[in-house]
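The next block holds one structure in the form of structure tokens; read it before the comments.
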Amino acid sequence: MPELPEVEIVKQSLKRKIKDKKIIKVVVRNRNLRFKLQSNFEKNLTNRIVNKIFRISKYLILIFDNHKYCIIHLGMSGTVHLINKSKKTKITNLSFYKSKILPKKHNHIEIIFSKFKIIYNDPRRFGFFKILNNKHEFKSYFNKLGPEALNDDFNIKYLKKNLKNKKKNIKNLLLDQKFVSGIGNIYANEILFYSKINPKKKAQKINYKEINQLLKFSKKVLNLAIKFGGSSIKDFKNTKGSMGEFQKKFKVYEKDNEKCPRKKCSGKIIKIFISNRSTFFCNSCQN
DNA sequence: CCGTTAACCTGAGAGC
DNA sequence: TGCTCTCAGGTTAACG
């Protein structure tokens, strides 16, 4: 699920449900996520009240009443499900996989509250949960991340200063979380299309006009995706408006062989691989 | 220091 | 039907 907009939607949904609620019990079925789950994980969460829940780039962060932190990363295939205890109804289903029924064998963690529970499901196990003991650990954990794409410190000054010495292509740079955090493969492709920049272009050759375009569309595309509830989210209830439909707005992602969506462009969307990641762009207007 | 590649995992879909 | 191969929204250790 895991680019910034999808994680934001998960956060919003969770926040409404679990803020100020007490965790009664934690059940772990498989500790072998991307990093082995800490042995004191269950103990650290049990009987804790969730005081705060927020997001940093692609990470979810919970702060408990004892001032400890739990950070969550969804990896490639991690999904969070809220299930009401009484009716056994699934009130959210943030599902990457198209199958309606979630394979139970990948329900690795259950966090149980009094009236409902949260299930973490992750077939590929690239996601992880980690307890941080205090503010210092929290700060040092996140200081390796670059500015978040939606934040004010991802700005013209930052790009002017930091693009000129980068020899790698702009697409890889947008995916580099140490350079800018929150953007993943879908939105990197989309942002470059809107900005009319070839994904193979060397970052140091990005000119001033393109810097402005990149900034403008990074923020526009991510905000629009949040507005539409992220991409590929199904059965998403308890939210306002039409949600989880941004995949219908894709301009280039998985649109190879289609005509360029720009009316005045006669180009075609082509697919290439850049560092083993699928890359989609118009062979005419993204030069 | 830099940039690229391989590796971590499972499941879906294509091709034979 | 079943086998093999490729690909998937992420990150990072290891390498040149």
Side-chain angles (χ1 to χ4, degrees), chain A residues 1-10 29-37 55-60 71-80 94-108 120-130 141-142 144-146 148-149 162-192 199-204 221-222 225-226 228-234 236 244-256 271-280:
Chain A
M1 300 255 7
E3 298 182 48
L4 185 154
E6 289 75 34
V7 180
E8 173 65 19
I9 298 300
V10 174
R29 299 213 167 76
N30 187 349
R31 309 192 85 79
N32 298 310
L33 303 182
R34 178 157 133 234
F35 307 115
K36 187 150 191 157
L37 205 64
R55 178 190 57 73
I56 295 178
S57 63
K58 302 176 190 174
Y59 295 81
L60 284 170
I71 62 173
I72 303 167
H73 196 291
L74 302 174
M76 287 280 261
S77 57
T79 52
V80 178
L94 310 172
S95 186
F96 164 52
Y97 285 96
K98 295 190 172 73
S99 60
K100 287 177 185 171
I101 301 162
L102 211 57
K104 275 190 179 172
K105 61 175 173 177
H106 302 303
N107 286 350
H108 306 309
Y120 178 70
N121 182 287
D122 188 356
R124 298 178 72 182
R125 288 185 274 119
F126 289 164
F128 64 92
F129 285 57
K130 187 174 172 61
Y141 190 90
F142 284 101
K144 66 189 179 213
L145 274 186
E148 183 179 302
N162 293 292
L163 280 176
K164 62 181 181 222
N165 55 348
K166 295 290 187 299
K167 286 178 181 168
K168 64 171 141 182
N169 63 66
I170 186 63
K171 196 210 168 201
N172 273 342
L173 197 63
L174 289 181
L175 292 176
D176 181 350
Q177 306 297 302
K178 291 189 287 294
F179 181 78
V180 55
S181 63
I183 298 172
N185 200 37
I186 290 178
Y187 298 110
N189 280 301
E190 296 292 310
I191 289 163
L192 288 169
K200 288 182 288 188
K201 187 162 187 167
K202 298 287 177 205
Q204 60 193 171
V221 169
L222 295 175
I226 291 170
F228 278 85
S231 302
S232 294
I233 293 171
K234 299 189 272 183
F236 192 81
E245 304 208 317
F246 193 72
Q247 67 278 8
K248 293 177 184 171
K249 305 283 176 189
F250 290 168
K251 298 293 184 186
V252 292
Y253 188 77
E254 290 193 327
K255 302 283 187 189
D256 42 322
K271 177 180 180 178
I272 61 170
F273 281 89
I274 295 178
S275 296
N276 287 324
R277 306 302 302 276
S278 57
T279 303
F280 304 85

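Here is how names work: the chains are called A, B, and so on, in the same order as the sequence lines, proteins then strands, and each is numbered from 1.
- If A:N276 and A:K166 are placed on DNA chain B by their nearest nucleotide, the residue sitting closer to the 5' end is A:K166.
- Atom-to-atom, CG of A:N32 to C1' of B:dT10 comes out at 14 Å; the value is rounded to the nearest Å.
- Residue-level contact check: A:N172 touches the backbone only, with heavy atoms under 4.0 Å from sugar-phosphate atoms and none from bases.
- Phosphate contact (OP1/OP2 of C:dG10, side-chain N/O of A:Q177, threshold under 4.0 Å): absent.
- OP1 or OP2 of C:dG10 lies within a sub-4.0 Å distance of a side-chain N or O belonging to A:R277.
- Residue A:H106 contributes atom NE2, which lies 18 Å from atom P of B:dC8 at whole-angstrom precision.
- Closest to the side chain of A:K168, out of B:dC8, B:dG3, C:dA8, is B:dG3.
- Regarding A:L174, its CG atom lies at a distance of 13 Å from the P atom of C:dT11, rounded to whole Å.
- Side-chain N/O atoms of A:N121 and A:K104 include no donor and acceptor closer than 3.5 Å.
- In this structure, A:K130 places its NZ atom 18 Å from C1' of C:dG10, rounding to the nearest Å.
- Residue side chain A:F126 meets the stacking definition with respect to B:dC8: its ring centre sits within less than 5.5 angstrom of the base's six-membered ring centre, and the planes differ by less than 30 degrees.
- Interatomic distance, A:L222 CG to A:L4 CG, rounded to the nearest 0.5 Å: 5.5 Å.
- Ring pair A:F128/A:Y141 is tilted by interplanar angle, where 30° to 60° counts as tilted.
- Taking every heavy atom of both residues into account, A:N169 and A:K200 meet most closely at CB-O, 3.5 Å.
- Nucleotides B:dG11 and C:dT12 are separated by 24 Å at their P atoms, to the nearest Å.
- As a whole-Å value, the separation of A:Q204 CD from B:dC2 C1' is 12 Å.
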Legend entry - Dot-bracket encoding per residue of DNA chain B, Watson-Crick/G-U cut-off under 3.5 Å, | denoting interstrand: .|||||||.|||||||
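- Among the heavy atoms of the strands lying under 4.0 Å from A:F273 are primed sugar atoms or P, OP1, OP2 only; no base atom is included.
- Proximity of A:S278 to the phosphate of C:dA8: a side-chain N or O atom is located under 4.0 Å from OP1 or OP2.
- Of all nucleotides listed (B:dT4, C:dG10, C:dA8), C:dG10 comes nearest to the side chain of A:E3.
- The distance from atom CZ of A:R125 to atom P of B:dC8 is 12 Å, rounded to the nearest whole Å.
- Both A:R34 and A:S275 lie near DNA chain B, and the one whose nearest nucleotide falls closer to the 5' end is A:S275.
- Closest to the side chain of A:P123, out of B:dG11, C:dT11, C:dA8, is B:dG11.
- Between the CG atom of A:L60 and the P atom of C:dG10 there is a distance of 15 Å, given to the nearest Å.
- One interatomic measurement links the two molecules: CG of A:D176 to C1' of B:dT4, which rounds to 12 Å at whole-angstrom precision.
- OP1 or OP2 of C:dT11 has at least one side-chain nitrogen or oxygen of A:K58 nearer than 4.0 Å.
- Residues meeting the side-chain contact (heavy atoms from CB on, under 4.5 Å) test with A:K168, sequence neighbours left out: A:N172, A:L173, A:D176.
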